[in-house]
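Order of the sequence lines sets the chain letters (A, B, ...), proteins ahead of strands, with each chain counted from 1. Side chains included, hydrogens not; waters and symmetry mates left out as well; all remaining heavy atoms used.
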There are 2 protein chains.
Amino acid sequence: MPIGDAPDFLRKLDELVYVRKRVKSGATLYHTGSKFHALYAVKSGFIKTENLHDDGRVQVTGFYMPGDVFGFDGIATDEHICTSIALEDTEICVIPLDKVERFNHGIDEIQHHFYKLMSREIVRDHTVMMLIGSMNSEERLAAFILALSQRFLLRGYSPYYLTLRMKREEIGSYLGMKVETVSRIFTKFQDLALLEVQQKNIHILDMHGLKKMLGQHPSN
Amino acid sequence: MPIGDAPDFLRKLDELVYVRKRVKSGATLYHTGSKFHALYAVKSGFIKTENLHDDGRVQVTGFYMPGDVFGFDGIATDEHICTSIALEDTEICVIPLDKVERFNHGIDEIQHHFYKLMSREIVRDHTVMMLIGSMNSEERLAAFILALSQRFLLRGYSPYYLTLRMKREEIGSYLGMKVETVSRIFTKFQDLALLEVQQKNIHILDMHGLKKMLGQHPSN
DNA sequence: CGGCATCTTGAGTTGGGTCAATGGTCGTGG
DNA sequence: CCACGACCATTGACCCAACTCAAGATGCCG
């Protein structure tokens with residue numbers, strides 16, 4: 001998951017951003033095939049991106065929260081591959097890429113920052129490939145919750161109280177498992193006194209225990 | 001999988017590349033924790049990258065053939081997250097990132113090219129997430145072979161005769177399945193007269209039939 | 001308060017993992 | 001040139017984690 005020096009970044013961003021946008025909950029910002037115009041930074045709210053396979057299948061490829069930048073998938077072919085959808089009312093900063101590319105008159109710090117952002121996205125994707133490819137469902141969900149907790153922490157929120165903005169099905173899609181399985185594992189984690197789950201509110205009771213859920217698995 | 005205008009790109013590359021390197025089959029170019037110095041373009045040969053999980057688990061995250069650029073995972077934290085290993089004797093061009101970043105005196109075409117390369121890597125990773133997350137094993141392997149065939153085509157080789165440089169286990173790791181499963185499916189595809197498999201040599205007999213293997217699946 | 005979407009739980013099935021044995025292929029050294 | 005050993009690939013038999021299908025429960029919004 002994309003992370004990091006959000007406040008810093010948002011400050012610098014002002015120099016690049018002239019347009020802000022509001023996206024209503026459930027609305028689409030761009031979709032597969034849209035011409036690529038710009039990158040987007042989440043100012044407030046929550047965004048998911050998903051890939052549509054030729055047949056009806058959908059795979060959630062990312063969740064983005066304030067400070068995160070997304071839309072990098074559009075650069076390759078100048079057309080977006082993913083669809084991005086707001087999971088709640090969301091404010092977006094529009095960052096035209098050519099403006100970024102032309103920015104380094106003197107300072108190329110910003111340039112480098114964008115390379116870093118893309119690199120992070122790549123690293124995050126590799127992590128997810130690893131999750132889905134070589135962990136069982138419990139480990140995946142544990143890893144997901146821990147990563148989310150970490151992101152909350154980096155943004156200055158409590159890492160123990162998470163409010164999920166996505167529904168179970170979207171978590172499942174992201175992690176390569178079915179809704180029912182997600183639900184069962186939440187219940188199990190609750191039974192193990194690792195979590196307290198109240199709808200979309202997660203209270204992490206035993207962070208250490210949750211971490212131990214990872215790497216328990218005999219496989220691979 | 002990374003692709004595209006390889007010859008063009010390799011030509012332009014000469015302006016950026018001062019160092020070439022040879023990596024022996026089985027040797028490591030960089031590994032998890034190595035300081036990030038540069039990106040690498042494959043000149044000849046074959047490279048895999050893999051992620052090591054804390055416990056012993058390994059996940060192959062990419063295969064790179066001539067014309068492909070890899071190493072982007074190191075930009076985010078200035079340390080490589082993956083390990084890159086040559087699957088045969090390989091020639092590599094070393095591309096220092098700061099040279100790329102400082103290159104746009106006049107032309108920022110090269111800049112943009114690197115953004116494109118990273119974007120492609122992201123798109124490819126999303127494709128793999130989709131493969132692993134929402135397809136069954138047969139579909140995954142079919143998709144893998146088709147993608148490989150496509151890459152061969154783009155490099156001017158026959159898309160019908162593939163020489164796999166990686167072993168079954170590495171294919172399995174990349175696709176999130178076990179060696180035995182890979183093997184069984186190769187056999188099945190052969191029985192269905194889609195392929196002729198002779199060790200690492202794959203002859204695609206029925207490209208259309210192979211494509212039909214995708215999207216047959218009732219799930220998700 | 002009713003209707004709809006989401007979430008949970010149960011019961012039964014199955015795709016792909018596990019374990020184990022065999023068969024090929026290649027490289028090395030006598 | 002052949003034989004040996006190591007590694008890799010294939011195949012079979014069995015099993016289990018996660019999927020499917022189905023029914024309720026819960027919560028949310030008009």
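In this structure the side chain of R168(B) reaches within 4.5 angstrom of the side chain of F186(B), judged on heavy atoms. Here the side chains of I75(A) and M118(A) are in contact, with some heavy-atom distance below 4.5 Å. For the pair F189(A)/M213(A), a side-chain contact is recorded, criterion being any heavy-atom separation below 4.5 Å from C-beta on.
Checking each of V128(A), L141(A), I132(A), V60(A) against L175(A) for a side-chain contact (heavy atoms from CB on, under 4.5 Å) leaves exactly one that passes, namely L141(A). The only member of T90(B), L29(B), V23(B) that meets side-chain contact (heavy atoms from CB on, under 4.5 Å) when paired with S84(B) is L29(B).
Using a 30° and 60° split on the angle between ring planes, F63(A) and F144(A) fall in the perpendicular class, above 60°.
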Can you give one letter per nucleotide of nucleotides 24-30 of chain D, going 5' to 3': B for a protein heavy atom under 4.0 Å from the base, S for sugar-phosphate only, - for none?
---S---
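The CD1-C1' distance, from I132(B) to dG15(C), rounds to 17 Å in whole Å. Per the geometry, CD1 belonging to I171(A) stands 11 Å off C1' belonging to dC7(C), to the nearest Å. The nearest whole Å value for the distance from the CG atom in L164(A) to the C1' atom in dT6(C) is 14 Å. What separates CD of E169(B) from P of dT10(D) is a distance of 13 Å, to the nearest Å. One atom, CG of L195(B), and another, P of dT10(D), lie 12 Å apart when rounded to the nearest Å. Summarising the geometry, the separation between CD on Q190(B) and P on dA9(D) is reported as 14 Å, rounded to the nearest angstrom. The CZ-P distance, from F186(A) to dT6(C), rounds to 16 Å in whole Å. Whole-Å rounding puts the R168(B) CZ to dG24(C) P distance at 15 Å.
The six-membered or imidazole ring of Y64(B) lies away from that of Y40(B), with a centre-to-centre distance of 6.0 Å or more.
Map E180(A) and T187(B) each onto its nearest nucleotide of DNA chain D; the residue landing nearer the 5' end is T187(B).
Partners of Y161(B) according to the side chain to side chain donor-acceptor pair (under 3.5 Å) rule, which considers only residues two or more places apart in sequence or in another chain, are H203(B). The salt bridge (charged side-chain N to carboxylate O under 4.0 Å, His left out) search around R184(A) returns none, not counting sequence neighbours.
Under the salt bridge (Lys or Arg N to Asp or Glu O under 4.0 Å) criterion, the residue pairs touching residues 29-40 of chain B are K35(B)-D78(B), with sequence neighbours excluded.
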Carefully, step by step, assess R120(A) and D68(A) under the rule salt bridge (Lys or Arg N to Asp or Glu O under 4.0 Å).
CA-CA 11 Å; R120(A) 265 181 211 161; D68(A) 292 334; over 6 Å; no
Between the protein and nucleotides 13-18 of chain D, list the N/O to N/O atom pairs that are separated by less than 3.5 angstrom.
unit_1  : atom_1 : unit_2  : atom_2 : d
dA13(D) : N6     : R184(B) : NH2    : 3.4
dA18(D) : OP1    : S137(A) : N      : 2.7
dA18(D) : OP1    : S137(A) : OG     : 3.2
dA18(D) : O5'    : S137(A) : OG     : 3.2

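For the helix from dC1(C)-dG30(D) to dG30(C)-dC1(D), the rotation axes defined at the first and last 5 base pairs enclose an angle of 40°, given to the nearest 10°.
Among the protein residues, K200(A) comes within range of the sugar-phosphate backbone only, with heavy atoms under 4.0 Å from sugar or phosphate atoms but none that close to a base.
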